Amino acid sequence: MAVKVTPRSEDYARWYTEIVQKADLADYAPVRGCMVIKPYGYALWENIKEGLDRRFKATGHANAYFPLFIPMSFLEKEAEHVEGFSPELAVVTVGGGKQLEEPLAVRPTSETIIGHMYAKWIQSYRDLPVLINQWANVIRWEMRTRLFLRTTEFLWQEGHTAHATAEEAMEETLLILDLYAELATEDAAMPVIKGRKSESEKFAGAVTSYTIEAMMGDRRALQAGTSHFLGQNFARAFDIQFLDENNELQYVWTTSWGMSTRMVGGVVMVHGDDQGLILPPRLAPIQVVVVPIWRDEEQKEAVLKAAAQVRAALEPEVRLKVDDREGLSPGWKFNDWEMRGVPLRIEIGPKDVEQGQVVLARRDRPGREGKTTVPVTGLAEAVRNMLDTLQADLYRRAEAFLKEHTAYPEDFEGLREAAADGFAYAWWCGSAECEAKVKEETSATIRCIPLDQGPGKGRCIVCGEEAAERAVFGRAY
RNA sequence: CGGGGCGUAGCUCAGUCCGGCUAGAGCGCGCGGUUUGGGUCCGCGAGGCCGCCGGUUCAAGUCCGGCCGCCCCGACCA
């Protein structure tokens, strides 16, 4: 009965932090800015990971592993790259009790060391393309950290590819962006906007950065995945050259792309409510929880037997848990599993056993409204349908929310209002000055220049000059 | 790095202003009973270097100095 979480409307940041901990996703570690991902949170990450890994492999990528330590000199080889990352590097200067000859950076990302290796591996156009991904941890010494959203150490995948032509590399960059968007929309039920980053927001060392941007429950933007076209910047810095069909020496074209444990935070913030998490069925570590209800031993036996039959009917297709813990009331268990965001609950009591039925309760519809009684015969079918419906409804709800808080302002005042409420699509001339002015006056930034532009031209919402593109403005995480 | 807050039981905190004898509550945990269709109730119990170091004092959770850490808000970032 008692509310245990700060309501979202009262303090969104606090709601988020509390929910992540109370749903057992993560806990603070004894090191500043670091967190422990607990088994339940890790299981959620593993499902995201599997969704990505499957898609990468289906498109010809292979996993490999590169070292955690990167010689400092490597990072310094690409001018923009070092400038972008040096403020947040962790550096090892002592090893085995001795001062190191060359300090080692703990990888903040692996373009440099992978570039170094690619230079060794690539000789001929026959060696291309190289399509490698790695699952790894990285360290970035951030000022302010938040569980999952920005931690000093985080887990991610980073893909690094090398191609013979610019076209092919660009194709790869956009292919990956599509895979990210697919994971977000289909698995995480998270609507996203695919777009290009502005110069000021792009990855340090990239020619062009692409992103998927999602709207969180507080109407702020979360960059959920990025894919970079690196041109020949790293190829030149690391001398990655190959002989083409005409026996001419050329630099390769590279890409890099990443999605991180931040995505877990995104799932929490897109779907969660004041009762706790709401997990999309495709990603939920537990899709269905069975809560047996009994009064005496006789009932207990009958109910648990029915629960076992339900389990047998649903497993292994459905990830299911029977909560047969003693001494906890059903109501307590309901709240507990709601906090953890389990999409579907099956209640089985003596009455149900008697009548050959169970009660299904869907997480996205609180209380009695979300409950339906279904016969045990054909339960598997009903559960499968319900999970599909839930997955679709979660997406629809998030999409409606996104649309509701997206505006198309015509003037600067309108932009100010729209950006305070959510996302604003507006014409932008492309100048850094206009971009900076918006940031300064509204605290909103250009989240991306959407790939999906729609027709026509307009005038920059800031300076009034001709503008060829619309940008999406919003306050960001 | 700037601003604010906080370090006392596993958690949330009271006690600190105004020093005092055996350091408290609620939740959680263990045991027994009672309950179980939306966070049952009762009893008993375990659990503390009061963040760390130093100082003042007959006496420090409490006063003084220093240090460390964490959280929140801003500037940087997946």
Side-chain angles (χ1 to χ4, degrees), chain A residues 1-6 11-14 16-18 21-22 27-35 83-89 108-109 137-158 180 197 200-204 209 211-214 221-228 256-266 275-276 291-297 299-300 303 323-339 345-353 358-359 361 366-371 373 439-440 443 445 476-477:
Chain A
M1 210 61 52
V3 181
K4 302 147 299 290
V5 189
T6 304
D11 187 338
Y12 195 84
R14 224 167 125 184
Y16 174 79
T17 305
E18 289 179 7
Q21 291 173 92
K22 290 186 176 179
D27 199 359
Y28 287 103
V31 179
R32 191 202 79 108
C34 294
M35 67 170 174
E83 196 187 324
F85 280 105
S86 60
E88 50 192 54
L89 283 185
T109 179
N137 58 336
V138 286
I139 296 283
R140 297 182 188 177
W141 219 262
E142 300 289 353
M143 303 283 183
R144 263 194 73 208
T145 59
R146 300 192 57 192
L147 295 170
F148 288 112
L149 301 175
R150 189 180 302 108
T151 42
T152 300
E153 178 183 12
F154 59 93
L155 305 182
W156 75 346
Q157 55 69 214
E158 47 176 326
Y180 286 160
K197 282 290 183 188
S200 71
E201 298 270 339
K202 75 174 191 194
F203 175 74
S209 287
T211 176
I212 55 170
E213 298 283 327
L222 186 79
Q223 177 175 310
T226 48
S227 185
H228 313 290
S256 70
W257 24 277
M259 185 178 273
S260 72
T261 38
R262 167 181 269 193
M263 190 67 182
V264 173
Q275 306 305 309
V291 178
I293 298 155
W294 67 80
R295 270 173 216 282
D296 52 43
E297 282 302 308
Q299 290 180 344
K300 176 179 166 185
V303 160
D323 185 358
D324 55 3
R325 286 178 290 177
E326 305 268 356
L328 295 171
S329 71
W332 195 94
K333 290 178 181 176
F334 295 168
N335 284 284
D336 191 39
W337 292 112
E338 280 167 11
M339 177 62 73
R345 179 176 70 237
I346 298 180
E347 305 171 9
I348 309 176
K351 278 181 284 182
D352 301 315
V353 174
V358 298
V359 173
R368 206 159 288 279
E369 190 209 335
K371 293 197 187 188
T373 304
K439 184 174 182 180
E440 197 175 311
S443 84
T445 51
Y477 266 95

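This is a predicted model, so every value here is computed, not measured. Within every chain, numbering begins at 1; the chains are lettered A, B, ... in the order of the sequence lines, protein sequences first and strands thereafter.
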*Distance, C1' atom - from C27(B) to A46(B), rounded to whole angstrom*: 16 Å

*Can you check whether Phe85(A) and Phe203(A) have ring centres sitting under 6.0 Å from each other?*
yes

*Which whole-number value in Å describes the distance from Glu18(A) CD to C11(B) C1'?*
12 Å

*Tell which nucleotide pairs with U16(B), taking only Watson-Crick or G-U wobble pairs whose two distances are both under 3.5 angstrom.*
none

*asked:* When the P atoms of A9(B) and C1(B) are compared, how many Å lie between them, rounded to an integer?
replied: 29 Å

_Under 3.5 Å donor-acceptor, Arg140(A) side chain and Glu88(A) backbone_ = no

*Indicate yes or no for a side-chain donor-acceptor contact from Tyr180(A) to the backbone of Gly258(A) under 3.5 Å, with no hydrogens or angles considered.*
yes

*asked:* Using a strict threshold of under 4.0 Å (side-chain N to carboxylate O), is an ion pair present between Arg325(A) and Asp336(A)?
replied: yes

_If I pick the C1' atom on A25(B) and the same atom on G47(B), what distance separates them, to the nearest angstrom?_
15 Å

*Presence of donor-acceptor pair under 3.5 Å, side chain of Arg368(A) and base of G37(B)*: no

*Can you tell me how far C1' in A75(B) sits from the matching atom in G38(B), rounded to whole Å?*
46 Å

*Pair Ser256(A)-His228(A), side-chain hydrogen bond (donor to acceptor under 3.5 Å, both in side chains): steps then yes or no*: CA-CA 5 Å; Ser256(A) 70; His228(A) 313 290; 4.7 Å; no

*Write down the distance separating the C1' atoms in A14(B) and G3(B), rounded off to the nearest Å.*
28 Å

*Sugar-phosphate, base or nothing in reach of Lys351(A), heavy atoms under 4.0 Å*: base

*Using a 4.0 Å cut-off on protein heavy atoms (strictly under), produce a 5'-to-3' string for nucleotides 26-36 of chain B with B for base contact, S for backbone-only sugar-phosphate contact, and - for none.*
----------B

*Tell which nucleotide pairs with C6(B), taking only Watson-Crick or G-U wobble pairs whose two distances are both under 3.5 angstrom.*
G69(B)

*How does protein reach along nucleotides 70-78 of chain B, written 5' to 3' as B (base within reach of a heavy atom under 4.0 Å), S (only sugar-phosphate), or - (no contact)?*
SSSSBBBBB

*May I ask you to decide whether Glu369(A) forms a salt bridge with Lys371(A), counting only side-chain N to carboxylate O separations under 4.0 Å?*
no

*What do you reckon, are the aromatic ring centroids of Trp332(A) and Phe334(A) less than 6.0 Å apart?*
no

_With hydrogens left out and only the distance checked, is there a donor-acceptor pair under 3.5 Å joining Lys371(A)'s side chain and the base of G38(B)?_
yes

_Could you tell me how far A60(B) sits from G51(B) if I compare only their P atoms? Round to whole Å._
15 Å

*With a non-hydrogen cut-off below 4.0 angstrom, is Gly349(A) in contact with a base, only sugar-phosphate, or nothing?*
base

*Describe the nucleic acid contact of Val291(A) in one word from base, sugar-phosphate, nothing, applying a heavy-atom distance below 4.0 Å.*
nothing

*Any strand is fair game: report the nucleotide pairing with A60(B) by Watson-Crick or G-U wobble, both distances under 3.5 Å, or none.*
none

*Distance between C1' atoms of C71(B) and C11(B) (Å, rounded)*: 15 Å

_Same-atom distance (P) from G7(B) to C50(B), integer angstrom_ = 15 Å

*Given that both distances must come in under 3.5 Å, which nucleotide forms a Watson-Crick or G-U wobble pair with G74(B)?*
C1(B)

_Distance in angstrom units between Asp27(A) CG and C11(B) C1', rounded_ = 11 Å

*For G43(B), which nucleotide is its Watson-Crick or G-U wobble mate, given both distances must be under 3.5 Å?*
C31(B)

*Should Asp323(A) and Arg345(A) be marked as a salt bridge (Lys or Arg N to Asp or Glu O under 4.0 Å) after you check the CA-CA gap, both sets of side-chain angles, and the distance that decides it?*
CA-CA 10 Å; Asp323(A) 185 358; Arg345(A) 179 176 70 237; over 6 Å; no

*Please determine if Arg150(A) forms a cation-pi arrangement with Trp141(A), meaning its NZ or CZ atom is less than 6.0 Å from the six-membered ring centre and no more than 45° off the ring axis.*
no

*Any chance you could lay out the salt bridge (Lys or Arg N to Asp or Glu O under 4.0 Å) test for Lys300(A) and Glu326(A), step after step, and finish with the verdict?*
CA-CA 11 Å; Lys300(A) 176 179 166 185; Glu326(A) 305 268 356; 2.5 Å; yes

